[in-house]
Amino acid sequence: MPPNCGLSDKQQSGVKGKKNWLTYLFTANADGSMKLPPLIIGKAQKPCVFKNKTGTQLGFYYRNNAKAWHG
């Protein structure tokens with residue numbers, strides 16, 4: 001099928017899915033001998049995918065910003 005049409009032959013009603021954005025920051029020096037854990041910025045204060053763990057327990061820094069604008 002061409003990429004501009006789907007499998008349905010008529011209009012479907014429904015709700016558009018949420019578009020969740022995450023910003024990732026990876027840092028290292030020029031030769032790669034010093035690397036910092038990744039920094040992830042999201043909207044949720046406690047994302048459910050973390051399953052009651054913090055970002056540091058999972059191996060990265062996590063910060064939230066509920067008013068962030070992503071475009």
Side-chain angles (χ1 to χ4, degrees):
M1 299 205 105
N4 62 351
C5 62
L7 298 174
S8 179
D9 59 353
K10 58 185 173 185
Q11 183 71 25
Q12 299 291 320
S13 64
V15 179
K16 289 184 178 181
K18 292 183 180 180
K19 294 181 181 178
N20 295 325
W21 293 85
L22 294 174
T23 302
Y24 292 86
L25 175 69
F26 300 98
T27 55
N29 61 353
D31 65 359
S33 63
M34 183 178 155
K35 298 177 185 175
L36 295 175
L39 170 66
I40 301 174
I41 303 171
K43 282 196 168 204
Q45 187 171 5
K46 292 184 179 180
C48 59
V49 297
F50 288 3
K51 298 185 180 174
N52 295 324
K53 292 185 179 180
T54 63
T56 52
Q57 290 172 328
L58 296 171
F60 54 86
Y61 296 120
Y62 179 79
R63 300 290 299 203
N64 70 305
N65 185 352
K67 295 182 180 182
W69 178 82
H70 297 282

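Keep in mind that what you see is a predicted model, and the values were worked out from it rather than measured.
For Pro38, the side chain to side chain contact (heavy atoms under 4.5 Å, CB included) criterion is met by Phe26, Phe60, not counting sequence neighbours. Residues satisfying the side-chain hydrogen bond (donor to acceptor under 3.5 Å, both in side chains) criterion with Asn29, sequence neighbours excluded, are Asp31, Ser33. Residues forming a side chain to side chain contact (heavy atoms under 4.5 Å, CB included) with Lys53 (at least two apart in sequence, or on another chain): Gln57, Leu58.
Within 6.0 Å of CZ in Phe50 there are more than 12 heavy atoms belonging to other residues, nucleotides or ligands.
In the hydrophobic cluster analysis, where Ile, Leu, Val, Met, Phe, Trp and Tyr join through side-chain heavy atoms closer than 4.5 angstrom, Ile41 is grouped apart from Leu36. Under the 4.5 Å side-chain heavy-atom criterion for grouping Ile, Leu, Val, Met, Phe, Trp and Tyr, Val49 is connected to Tyr24 within one hydrophobic cluster.
With rounding to the nearest 0.5 Å, the separation of OG1 in Thr56 from OH in Tyr61 is 8.5 Å. Here Gln45 contributes atom CD and Tyr62 contributes atom OH; the two are 9.0 Å apart, rounded to the nearest 0.5 Å.
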Determine, stepwise, if the pair Thr27 / Lys35 fulfils side-chain contact (heavy atoms from CB on, under 4.5 Å). CA-CA 6 Å; Thr27 55; Lys35 298 177 185 175; over 6 Å; no
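The heavy-atom pair separating Pro37 from Gly59 by the smallest distance is CB-O, 3.9 Å.
A 4.5 Å side-chain heavy-atom check between Lys43 and Asn64 finds every atom pair outside the cut-off.
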